[in-house]
2 protein chains.
Amino acid sequence: MTEQKRHHHHGNLREALITAGLELMEQGGPDALSLRKCAKRAGVSHAAPAHHFNGLVSLQAAIIARGYQKFSASMRRAADQADAAPQAQLNAICAGYIDFARSHTAVFKFMFQPHNNDSQTLDATTQEELDRDSMASYQILRDACAPFEHNDAQGVSTEIMVWSLVHGYAMLFCAPGKTESPSGPIPEFSQILPKLKLKTNITP
Amino acid sequence: MTEQKRHHHHGNLREALITAGLELMEQGGPDALSLRKCAKRAGVSHAAPAHHFNGLVSLQAAIIARGYQKFSASMRRAADQADAAPQAQLNAICAGYIDFARSHTAVFKFMFQPHNNDSQTLDATTQEELDRDSMASYQILRDACAPFEHNDAQGVSTEIMVWSLVHGYAMLFCAPGKTESPSGPIPEFSQILPKLKLKTNITP
DNA sequence: TGGGGTATCTTGACAGTGTCAACATGGAGA
DNA sequence: TCTCCATGTTGACACTGTCAAGATACCCCA
């Protein structure tokens, strides 16, 4: 009776639904995701997910939160394997950013789409997960940009610039196997990242 | 009998459906778009659109093509009002890019999403529209970048860099009324655009 | 000028979707 | 032990895209 007999309670249905949703999304794109298909994959009835997610948008938000976790992991992994110097670290973070976009294209693009969850109420737990995991990802990029200055401007503009650049590159040119833009081969990201100046440590 | 009596033939249903679709999209986001709602708005039965579009994805593609037309117009309008110098022209093109993203956020983001039309067959007319209009938009940005060099690299990397930068900025920070990023106020785009060098006209 | 062909639109049907309500089950705490 | 409630099931509803079959009116050619 340990494994073979199906209990009335699934045990960890929430996790199973998120996992199933990620699989569906990576295979068939965002439109392939449905509550009923996730339920079927998890071996429960079509209405069971309603007890764990406040509707489809909440499941989508939970999938996105899981995406952010993998996203952070990809950037951290790249940074760990690189030299500790600020420029090497920033390059590595961007490489991890782009790696994730290439290897999880569907989820990546879905993460940065306009979602209906703007005015909608998500479950408390999903909302917390989403806030925490997305901020963690952003903080990684932010920290990597912190040592640098850009364009004679102070403060925040460096990370906005780097984020815009790497994000645009990822959105436009990172599909699996894509190597051509409308006007020729796509250069490496390191070729388009402008040279940045290190901040001066001491101010008068 | 000129206007009041409804003919069996609508007259220009294809256009009416695209217009209705654009309205639905701008009001309620991509998920608010449905063939049946467009048909209702155009005053025809639910299956009428099938005679003009090869399914939903073709209507979406036609809406995107229309979006590219407005997109091009926005960039051209900005360029026409600016000085003719290369730097002023490039700044204006980027401003037009961002203006469109801000004023037509839903359609803009939808234009650059992964779509199911990759392996799917669109109507010939819709496919032509989409190719023509998207290439026209890209050509505008391309021309504006042509006079410049970047990062000691030759050839294509300038337009890839500028495109990535402006696109990432638009995707991340251009929602109606959005002025804050996770780490503070969002700077103007001109503040994050690196200084570019003009190409030397003559080569040995 | 007439007649046939065809583009256009309608009606009806079907499977799939999200969501709600009502009910069943079983574990955990009083 | 008894009861409450989290968790899961069944059934229903409106809405969706898509297909098939039939109706209508326009256009072109004899």
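From a predicted model like this one, the values you see are computed outputs, not experimental measurements. Every heavy atom of this structure was used, including side-chain atoms; hydrogens, water molecules and symmetry mates were not.
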How about B:Phe173 and A:Ser164: do any of their side-chain heavy atoms sit closer than 4.5 Å? yes
How long is the line joining CZ of B:Arg14 and P of C:dT8, in whole Å? 11 Å
For the residue pair B:Phe108 and B:His167, is the inter-centroid distance of their aromatic rings smaller than 6.0 Å? yes
For a stem of at least 3 consecutive Watson-Crick or G-U pairs with distances under 3.5 Å, i pairing with j, i+1 with j-1 and so on, which stems involve DNA chain C? C:1-30 with D:1-30
Can you tell me the distance, in whole Å, between the NE2 atom of A:His52 and the P atom of C:dT19? 16 Å
Using the test ring-ring contact (aromatic ring centres under 6.0 Å, His included), find all partners of A:Phe71 that sit at least two apart in sequence or belong to another chain. A:Tyr97, A:Phe100
side-chain hydrogen bond (donor to acceptor under 3.5 Å, both in side chains) pairs touching residues 71-85 of chain A, sequence neighbours excluded, are A:Ser72-A:Ser137
Any side-chain heavy atom of B:Ile63 sitting closer than 4.5 Å to one from B:Leu33? yes
What is the distance from NZ of B:Lys40 to P of D:dG17, rounded to the nearest Å? 12 Å
Atom CG of A:Leu59 and atom C1' of C:dT19: how far apart are they, to the nearest Å? 14 Å
Quick one: B:Asp123 CG to D:dT18 P, roughly how many Å, whole number? 12 Å
Picking from C:dT8, D:dG8, C:dT10, the nucleotide nearest the side-chain atoms of A:Ala48 would be D:dG8
Check this for me: does any side-chain nitrogen of one of A:Glu26 and A:Lys70 sit under 4.0 Å from a carboxylate oxygen of the other? no
Let me spell it out: for each of A:Ala50 and B:Ser45, pick the nucleotide of DNA chain C with the closest heavy atom. Which residue's pick is nearer the 5' end? B:Ser45
Hey, what are the protein-to-nucleotides 21-23 of chain C N/O distances that come in under 3.5 Å?
none

Side-chain heavy-atom pair A:Leu196, A:Leu90 within 4.5 angstrom cut-off: yes
Distance in angstrom units between B:Glu15 CD and C:dT8 P, rounded: 14 Å
Given 3.5 Å as the limit, does a donor-acceptor pair link the side chain of B:Asp133 with the main chain of B:Gln69, or not? no
So with a 6.0 Å cut-off around NZ of A:Lys40, is the heavy-atom count from everything else above 12? no
Check salt bridge (charged side-chain N to carboxylate O under 4.0 Å, His left out) between A:Glu15 and all other residues, then give those that pass, not counting sequence neighbours. A:Arg66
Any A:Phe148 side-chain heavy atom under 4.5 Å of A:Gln87 side chain: yes
Nearest-Å distance for atom pair CZ/C1', residues B:Phe53 and D:dT18: 16 Å
Polar atom pairs (N or O), protein with nucleotides 14-16 of chain D, under 3.5 Å:
| residue | atom | partner | partner atom | Å |
| --- | --- | --- | --- | --- |
| D:dT16 | OP1 | B:Ser34 | OG | 3.3 |

Integer-rounded Å distance: C:dG18 P and A:Leu17 CG: 12 Å
With a 3.5 Å cut-off and heavy atoms only, can you find an N or O donor on one side and an acceptor on the other between the side chain of A:His46 and the base of D:dG11? yes
